[in-house]
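Every chain is numbered from 1, with letters handed out A, B, ... down the list of sequences.
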Amino acid sequence: MNVHVVVEGVVSEKKIYRAWIPFLNPNLSYVDHISLMTNDNFSIVSGGGFPNYFSTIEAAIEDVNSYSNIDKLVIAVDSEDFTYSEKKNEITSFLSHLHCTVGINIIIQHFCIETWALGNQKIMRPNPQSSELREYKKIFNVRLSDPECLPPHKKEELNRAQFAERYLRYALNDKYRNLSYSKSNPEIMLHSKYFKSLCMRYEKTEHIKSFNDFLLAFN
Amino acid sequence: MKLLSYEVKSSHKDEFNFPKINFNKLNLIVGNSGTGKTRLLNTIFNVSSMAVQKSSFFLGSWEITFEHNSINYKWIIETDEDEDENRWIKKELITTFSETENDKIIVKRNDENFIYDGKEMPKLSKKESSISLLREENLIAPIFEAFSLIMRRNFSGSELETETSYQPISQTFYSKLKKSKDLKDLFESNLGLNCRLYFLSEIFTELYEEVCRQFQSTFPFVKKIKVVDADKFGFHYPGKVPVFALKEDSNEDWVPLSKFSSGMKKVLLILTDIFILPSKGCVYMIDEYENSLGINAINFFPSVLFEAEIKSQFIITSHHPYIIGNVPVKDWIILNRKGNSIFSKQGSELEERYGKSKQQAFTQLINDPFFIENIE
């Protein structure tokens with residue numbers, strides 16, 4: 001099976017998906033470009049965070065249609081300020097005007113990939129050292145409650161996706177000294193243990209439900 | 001002058017090594033921040049200064065091939081320094097080359113010998129390149145001229161302010177230019193933008209009108225443009241001090257060049273440069289020209305390059321999707337860096353692969369492992 005993946009984000013998604021997909025499906029191996037797919041490969045194209053994401057999807061569909069050896073197209077987007085269903089409807093309605101010769105899986109990262117990442121309960125110390133993190137925990141405790149329900153941080157003027165990113169950075173800094181998370185350097189999330197802890201959170205609780213889109217797309 | 005290839009091995013710990021890079025007529029250097037794009041332009045400019053000036057001296061070894069007046073040349077130069085940081089030329093070789101004939105040696109120089117055109121030369125300074133030392137010789141004069149035709153614009157310092165300041169014109173230069181009508185004289189004059197535009201308007205009217213036309217099509221709110229006397233702006237100086245000025249739609253007052261926005265100054269400077277480049281062909285290098293330019297102004301450059309029949313070679317750096325998307329992939333040079341070593345990939349190597357996807361070339365670039373690999 002060959003799978004072509006389109007991700008929206010700057011750097012992190014591409015790195016994360018490249019690492020996570022083989023954890024879920026070890027038969028799949030990564031190639032640098034869609035033209036290099038042979039057997040059981042996957043390739044990823046990132047829209048680079050530029051506002052032309054729909055044209056990246058359109059071009060990906062044209063590519064998939066022109067190569068006869070691709071079995072599936074996966075499209076991953078953040079819902080950001082939209083609800084899960086609103087974002088899913090937006091993408092489905094856009095795709096309804098296009099013809100794709102293979103099946104398409106849509107992954108809605110509700111509301112961003114950092115929200116999923118906050119699902120790892122091991123990264124939150126029971127008693128954080130950092131005063132900011134203690135404050136964040138008071139507003140919303142991601143260890144106990146579903147990270148997908150994180151509210152915006154009004155005082156710091158952060159929408160929920162920005163809050164999730166900052167929350168994750170502070171949590172990782174607090175737990176592992178000198179470790180920094182950024183969209184260009186999501187190193188810690190690339191480990192299999194990290195991925196497994198998200199799978200556990202999803203399986204054992206009703207939390208990070210949108211993570212199931214990822215599991216369904218590559219299982 | 002057209003650079004064909006360039007390679008540097010530095011012998012200084014703070015400097016970078018560049019692999020052999022081949023150049024086309026238009027060259028777009030792309031790469032993440034810190035991959036050596038600016039350094040590449042700097043080192044090309046520095047080595048050209050070392051060729052033609054006594055004072056410039058850099059450490060390393062270079063191999064440069066270039067074409068001038070339809071002849072292909074290769075210049076290899078190696079410099080060294082002793083414990084007291086005295087620097088000298090250790091080795092130099094200048095040859096011509098072609099596909100049909102054997103290479104011809106023009107200069108061969110090492111610690112012991114200095115041979116020019118097959119003849120042993122007397123002892124000459126080891127602190128000066130053979131191109132500078134022998135600039136009057138028939139075989140070297142065109143090479144000296146070639147290295148004088150390399151120009152770099154770098155907008156990081158106070159270059160825009162210096163270029164747009166007031167400056168009196170020299171009557172002697174005016175008479176010389178009026179007689180020669182040679183753009184090369186204006187190109188080599190080192191005059192500021194006001195004076196250059198004045199001379200264009202007086203002597204090269206068609207070129208001046210073309211610069212103004214391009215400028216006004218980039219900034220359509222500019223209704224009138226004119227070269228006026230600095231007196232008009234209260235700047236009194238004995239002699240003629242020309243000032244390029246404009247009038248906008250909404251304002252009756254003339255605005256002098258020094259008061260233009262930095263984006264407008266930059267566009268005017270680049271346009272003027274481009275139209276003054278001598279017809280013999282120059283190497284014109286610009287580093288990240290898009291900084292401080294709005295979308296309306298960013299677009300002017302690719303269109304000017306494609307519209308105007310320009311004989312010169314352009315080496316530009318950019319991070320901007322519009323520019324990258326408007327330059328053919330074959331003209332890209334992608335840089336990456338590990339420590340002090342730069343690695344490059346020519347656009348021609350990517351053209352075939354990129355052609356196999358409908359994704360925009362820019363999207364493919366930012367997904368290319370060579371482009372996104374971390375700088376070590």
Query raised in the report: What orientation do A:His153 and A:Phe163 show, parallel under 30°, tilted 30 to 60°, or perpendicular over 60°?
Result: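 Ring orientation, 0 to 90° scale: perpendicular.
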Requested in this report: For the pair A:Phe218 and A:Phe214, name the ring-plane relationship: parallel under 30°, tilted 30 to 60°, perpendicular over 60°.
Outcome: tilted
Query raised in the report: Ring centroid separation for B:Phe300 and B:Phe215, is it under 6.0 angstrom?
Result: no
Report task. State yes or no: are the ring centers of B:Phe343 and B:Phe370 separated by less than 6.0 Å? Result -> no
Query raised in the report: What do the steps show when you test A:Glu114 against A:Arg166 for salt bridge (Lys or Arg N to Asp or Glu O under 4.0 Å), and what is the final call?
Result: CA-CA 9 Å; A:Glu114 286 83 4; A:Arg166 197 172 290 182; over 6 Å; no
Report task. Heavy-atom pairs under 4.5 Å with chain B are the metric here; pick the option from A:Leu36, A:Ile34, A:Val45, A:Ile44 that has the most. Result ->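 Top option by heavy-atom pairs under 4.5 Å: A:Val45.
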Query raised in the report: Are there residues of residues 61-81 of chain A that reach to under 4.5 Å of chain B by heavy atoms, and which ones?
Result: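 Interface residues of residues 61-81 of chain A: A:Glu62, A:Asp63, A:Tyr67.
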**Report entry** Main-chain N/O of B:Ser5 paired with B:Lys20 side-chain donor or acceptor, under 3.5 Å
**Finding:**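 No, because the side chain of B:Lys20 does not come within donor-acceptor range (under 3.5 Å) of the backbone of B:Ser5.
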